[in-house]
Each structure stands twice: as C-alpha cells, then as structure tokens.
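What you see is a predicted model; the values in this text were computed from it and never measured. Basis for what follows: all heavy atoms, side chains included, without hydrogens, waters or symmetry-related copies.
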Amino acid sequence: MTYGELKKRVYSLLDVDGREEDAVGSLAYLVKDALVQTVNSTARKAAVYLKAIYKTEVLYFEKHELGLRTVLPEDVVLVKEILKEKRRYGAVSFEKAGNVLYFFGAKEGFYTVGYYAYPKALGAHVRDGAVLEAEDGFWDTVAYGICAELCSKIYPGDMKRYMRLATEFDERMTASYPSAADTRVVDRVFSKQRGFG
C-alpha cells in the first residue's frame, strides 16, 4: 500500500472529500495537516500488538559478565528468536534490556536475530507514492485507528462515529492476524544433556 492509498482510505472512512485537502479550513485540510503524525503513532501501536513486521539482522554477540550481548537495531519491538546454522533459540535463551540483547548459553560470534519491528516513520513531506512497510491488512487496521484519533478533531461531539471507528480498530487489533504456528526451539535449560526429556 502507498501513503496516497492509505490517505484515500482515511478520507473514505471519515466521509471527507479528499479533493479539498488543499482548501484551508476544509475537513480534508484538517485531516491532511495531522495525518503524518497520527499515522506514525498509530502504526507504532499496531506494530506492538499485531507483530506484523518481521525482520532478521545478523549481529555480533560479544562476551559480557551476564552472558553474550549485542546492541539491537532501533526499530526492534520484540525479539522472537536467535538463529545459528540450523539451531533456533527461543525466549528462554535471551533477555532484552533497553536496546541491548543478552544471550545465554552460547559462544561469542555472529548470530541472526529475528524480531518484530516498528514500521519506518514517515517524514513531514512524505509523497503519496511512497510505499508503506508491512502488508496491506496491517494498514487497513491502522486506517481505523487513525480515523478514531482524528474523529474528535474534525467531528467534535460525534460520539457515535468515534465509537464505530474505535470499536472496529480494537476488533481488528485483537482478531485480524492469526498467531503463527510455533516452531521447534533449542532450549539449553531443559535439554537432554542436563537430564531432562
């Protein structure tokens, strides 16, 4: 989805004529003025709950008194797994503290970190043709959150409209993405080598 398509979706959900976005004082002008900031904040919130953007990054883990450690990229919401060759390490094998990831029970070196990410923030002068990171379904959900946020600005006192948009956003946040099937994860704490299983 492009930014222009998202903007059209927002105009449609708010019953606003997008052709008037340059007419000072029009509803479309009010929406356009607040849209980039609202897109960024709503998309970050949705990214936390929906885990819609999965990325991998090869990072070097160095020795530290608490285990191995590395500095994470700025867009990390939640680390899902650490991968090395054919091994997959789950949440019991690492701990995130701020932008640092501690990894327990492994050797110093390069590992692939799989994580859920925030979408890239849009700048103030984003163009309509800019392609948005993440799938269209994610942005359809975000559109309802944007509209709920902007509703009081352009329709003050219209609680029925606000509740309709906010309820749709909440329902999509809780039900729009099925959880993925769990995969086999290496667990060094309760492994056969330690007498379990």
Side-chain angles (χ1 to χ4, degrees), residues 1 3 6 36-124 126 130-146 149 169-197:
M1 179 177 288
Y3 178 69
L6 176 64
V36 171
Q37 180 180 348
T38 309
V39 168
N40 286 336
S41 63
T42 307
R44 286 180 66 85
K45 178 180 181 180
V48 170
Y49 290 101
L50 299 179
K51 300 175 186 158
I53 303 171
Y54 178 81
K55 293 183 177 180
T56 59
E57 185 83 28
V58 176
L59 301 172
Y60 186 78
F61 284 83
E62 60 187 7
K63 288 184 182 178
H64 184 268
E65 61 189 50
L66 299 176
L68 301 177
R69 67 172 264 173
T70 193
V71 176
L72 292 167
E74 291 181 5
D75 64 344
V76 173
V77 173
L78 174 73
V79 176
K80 180 183 180 187
E81 58 198 354
I82 297 175
L83 309 162
K84 179 77 169 191
E85 296 163 0
K86 293 183 179 183
R87 292 188 175 203
R88 185 178 308 246
Y89 301 88
V92 296
S93 301
F94 55 82
E95 183 73 34
K96 181 179 178 289
N99 69 335
V100 175
L101 183 65
Y102 295 97
F103 185 24
F104 314 110
K107 296 179 182 179
E108 193 171 22
F110 286 98
Y111 292 83
T112 301
V113 176
Y115 65 94
Y116 296 108
Y118 292 114
K120 186 177 179 182
L122 302 177
V126 63
V131 177
L132 301 173
E133 191 175 21
E135 306 233 352
D136 289 357
F138 172 78
W139 291 107
D140 284 338
T141 299
V142 170
Y144 279 95
I146 292 166
E149 288 292 319
F169 177 60
D170 290 343
E171 287 176 358
R172 286 171 177 255
M173 289 283 278
T174 58
S176 66
Y177 285 91
S179 56
D182 290 335
T183 56
R184 183 178 177 277
V185 175
V186 174
D187 182 353
R188 297 240 183 239
V189 177
F190 298 104
S191 65
K192 288 183 180 179
Q193 291 87 354
R194 296 192 66 191
F196 296 93

What's the shortest heavy-atom distance between Arg88 and Leu83, and which atoms? CG-CD2, 3.6 Å
Rounding to 0.5 Å, atoms CD (Glu95) and CZ (Phe104) come to a distance of 6.0 Å
Residues 107-124 vs salt bridge (Lys or Arg N to Asp or Glu O under 4.0 Å), sequence neighbours excluded, gives none
Within a strict 4.5 Å, meaning less than it, do heavy atoms of the Thr56 and Val113 side chains meet? no
What heavy-atom pair brings Thr42 and Ile146 nearest, and what distance separates the two atoms? CG2-N, 3.8 Å
Would a 4.5 Å heavy-atom cut-off, applied to side chains only, mark Leu122 and Leu132 as touching? yes
What pairs of donor and acceptor atoms, side-chain ones from residues 44-54 against any protein atom, are under 3.5 angstrom apart with sequence neighbours left out?
unit_1: Tyr54; atom_1: OH; unit_2: Glu81; atom_2: OE2; d: 2.4

Could you go through the side-chain contact (heavy atoms from CB on, under 4.5 Å) check for Ile82 and Thr112 one step at a time? CA-CA 6 Å; Ile82 297 175; Thr112 301; over 6 Å; no
According to salt bridge (Lys or Arg N to Asp or Glu O under 4.0 Å), who are the partners of Asp140, at least two apart in sequence or on a separate chain? Arg9
Give, for atom OG1 of Thr141 and atom CD of Glu135, the distance between the pair rounded to the nearest 0.5 Å. 11.5 Å
Partners passing ring pair (Phe, Tyr, Trp, His ring centres under 6.0 Å) against Phe103 (at least two apart in sequence or in another chain): Phe61, Tyr89, Tyr111
Please give me the minimum heavy-atom distance between Leu6 and Ala143, naming the atom from each residue. CD1-CB, 3.9 Å
Counting distance only, does the side-chain N/O of Trp139 pair as donor-acceptor with the main-chain N or O of Tyr3 below 3.5 Å? no
Roughly how far, to the nearest 0.5 Å, is the OG atom of Ser93 from the CZ atom of Arg87? 10.5 Å
Can I get a per-line list of side-chain donor-acceptor pairs under 3.5 Å for residues 68-79, giving both atom names and the distance, sequence neighbours left out?
unit_1: Thr70; atom_1: OG1; unit_2: Tyr60; atom_2: O; d: 2.9
unit_1: Asp75; atom_1: OD1; unit_2: Tyr115; atom_2: OH; d: 3.0
unit_1: Asp75; atom_1: OD2; unit_2: Lys55; atom_2: NZ; d: 2.6

